[in-house]
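To keep things clear, I will list the structure first and then write my remarks on it.
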Amino acid sequence: MPELPEVETIRRGLEKRIVGKTIADIDVRFPKTFVGSKSKVEGSKIKSVERRAKVLAVKLNNGGNLLFHLKMTGQLIYIDRNDKRFAGGHPDHNWHAKLPNSTTAVIFNFNDGTHLFFNDMRKFGWCKVLTDEQLNKIFTDEYGPEPFDKNFTVEYLMQRAAKIPNRKIKQFLTDQTIIAGIGNIYADELLFDARISPLRKVSEMNKSEWKKVIASTIKILNLAIKHGGTTDSDFVNADGEKGGMQDYLKVYRKSGSNCPGDCGGKVIRITVGGRGTHYCPVCQQ
DNA sequence: CTATCTGTTCTGAC
DNA sequence: TGTCAGAACAGATA
């Protein structure tokens with residue numbers, strides 16, 4: 001489920017809460033969700049929580065790492081000794097309910113009596129135990145530049161686009177090997193912001209349009225991070241503090257409504273690369 | 001009831 | 001090699 005802004009929001013929340021803690025033991029409820037040996041993790045201390053693309057890496061003081069991908073329905077829920085919770089990921093009501101529940105895949109028990117629950121209804125998500133070397137290789141080989149990285153340039157995008165000229169821009173932008181962290185929601189939103197049709201072939205983009213794509217990507221992702229991501233996918237305590245980006249979405253899941261750009265058109269929904277895609281065919285060309 | 005949707009990504013067929 | 005359907009799975013929605 002979560003894209004870059006949501007994963008970043010979860011990262012920041014977890015960082016504040018679990019860095020410095022020692023993992024006493026791990027309870028694996030869904031074996032397919034936990035890949036690797038838990039004995040390589042138990043007893044080690046958490047050094048940092050990092051993000052690359054849509055994955056979270058928990059770095060340990062013994063040279064090991066826990067790499068998480070929440071996919072569509074994963075949740076991470078931290079619970080302190082007073083049952084105060086911080087949760088991120090797929091929004092549903094069992095955040096506030098008793099844990100573990102039927103969707104709980106893995107439980108990390110810390111030696112101070114606090115816990116981290118990894119829930120996943122559809123079981124697409126995973127947590128892998130990796131060495132530093134394995135982690136670095138995945139981060140280097142499997143993902144393109146982060147949108148906030150200096151290597152995310154017009155020259156880079158044009159060079160990648162030249163090899164796949166017929167690819168539609170929406171599919172291009174959501175390809176993690178090209179750019180890290182953009183998913184369905186933010187691809188639609190940034191293309192609206194740039195006023196470019198999701199159906200445009202990358203070979204038919206000019207330099208100033210690529211510039212607009214970069215500017216809109218950074219603008220939209222920053223806005224989403226500022227608001228804590230889309231949906232009520234994150235909260236810090238029982239009182240709320242939920243993600244608020246859903247109030248700022250302009251086209252995603254808005255089919256039928258008037259174009260927010262006041263061009264007189266209406267937002268429609270089509271399918272691009274098998275994904276629901278929302279845009280205004282009048283002002284996005 | 002059926003059909004179709006869902007924020008992800010990987011695999012295998014053509 | 002590029003493109004597409006389908007799979008992994010469990011719901012919610014119309």
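First the proteins, then the strands, lettered A, B, ... as listed; each starts at 1. A quick note: this is a predicted structure, and the numbers were derived from the prediction, not measured.
- Using C1' as the reference atom, B:dT2 and C:dA8 are 23 Å apart when rounded to the nearest Å.
- At the heavy-atom level, A:Lys163 lies under 4.0 Å from the strands shown only through sugar-phosphate atoms.
- Atoms CZ and OG1, on A:Arg17 and A:Thr114 in that order, are 11.0 Å from each other to the nearest 0.5 Å.
- In this structure, A:Arg52 atom CZ and B:dT8 atom C1' are separated by 17 Å, rounded to whole Å.
- Few gaps surround NZ on A:Lys38; more than 12 heavy atoms of other groups in view lie less than 6.0 Å from it.
- B:dT4 and C:dA5 have their P atoms separated by 15 Å, with the value rounded to a whole Å.
- For A:His69 and B:dT9, the shortest distance from a side-chain N or O to OP1 or OP2 is below 4.0 Å.
- You'll find the side chain of A:Met205 reaches within 4.5 Å of the side chain of A:Val213, heavy atoms only.
- Residue A:Cys280 comes nearest to A:Cys263 through the heavy atom pair SG-SG, 3.5 Å, listed as atom of the first residue, atom of the second, then distance.
- A donor and an acceptor atom, one from each side chain of A:Thr73 and A:Asp120, are located under 3.5 Å apart.
- Using a 4.0 Å heavy-atom distance criterion, A:Asn166 is classed as a sugar-phosphate-only contact.
- Side-chain atoms of A:Asp175 and A:Arg167, non-hydrogen and from C-beta on, do get closer than 4.5 Å to each other.
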Just by protein heavy atoms under 4.0 Å, how would nucleotides 9-14 of chain C read 5' to 3' in B, S and -? BB----
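- When all heavy atoms are compared, the tightest approach of A:Cys283 to A:Cys259 is SG-SG, 3.6 Å.
- Across all non-hydrogen atoms, the minimal contact from A:Ile270 to A:Val272 is CD1-CG2, 3.7 Å.
- Within the 4.5 Å cutoff, the side chain of A:Ile218 has heavy atoms near those of the A:Phe148 side chain.
- Between the P atoms of C:dC9 and B:dC1, the separation comes to 23 Å (whole Å).
- The number of heavy-atom neighbours closer than 6.0 Å to CD of A:Glu133, taken from other residues, nucleotides and ligands shown, is 12 or below.
- Protein atom NZ of A:Lys168 is 9 Å distant from nucleotide atom C1' of C:dT3, rounded to whole Å.
- For A:Gln171, the listed nucleotide lying nearest its side chain is C:dC4; candidates were C:dG2, B:dT8, C:dC4.
- Where DNA chain C pairs in unbroken runs of 3 or more (Watson-Crick or G-U, both distances under 3.5 Å), the stems are B:2-6 with C:10-14, B:8-14 with C:2-8.
- Residue A:Lys54 has a polar side-chain atom (N or O) positioned under 4.0 Å from OP1 or OP2 of B:dT9.
- A:Arg253 has no side-chain polar atom (N or O) that falls below the 4.0 Å cut-off from OP1 or OP2 of B:dT6.
- One P atom belongs to B:dG7, the other to C:dA14, and the distance between them is 15 Å to the nearest Å.
- Comparing the same atom, P, in C:dT1 and in B:dT9 gives a spacing of 23 Å after rounding to whole Å.
- A close approach under 4.0 Å does not occur between any side-chain nitrogen or oxygen of A:Arg167 and OP1 or OP2 of C:dG2.
- Taking atom CZ on A:Arg275 and atom C1' on B:dT4, their separation rounds to 15 Å, with Å as the unit.
- In this structure, A:Gly276 reaches the sugar-phosphate backbone alone: every heavy-atom distance under 4.0 Å involves primed, P, OP1 or OP2 atoms, never a base.
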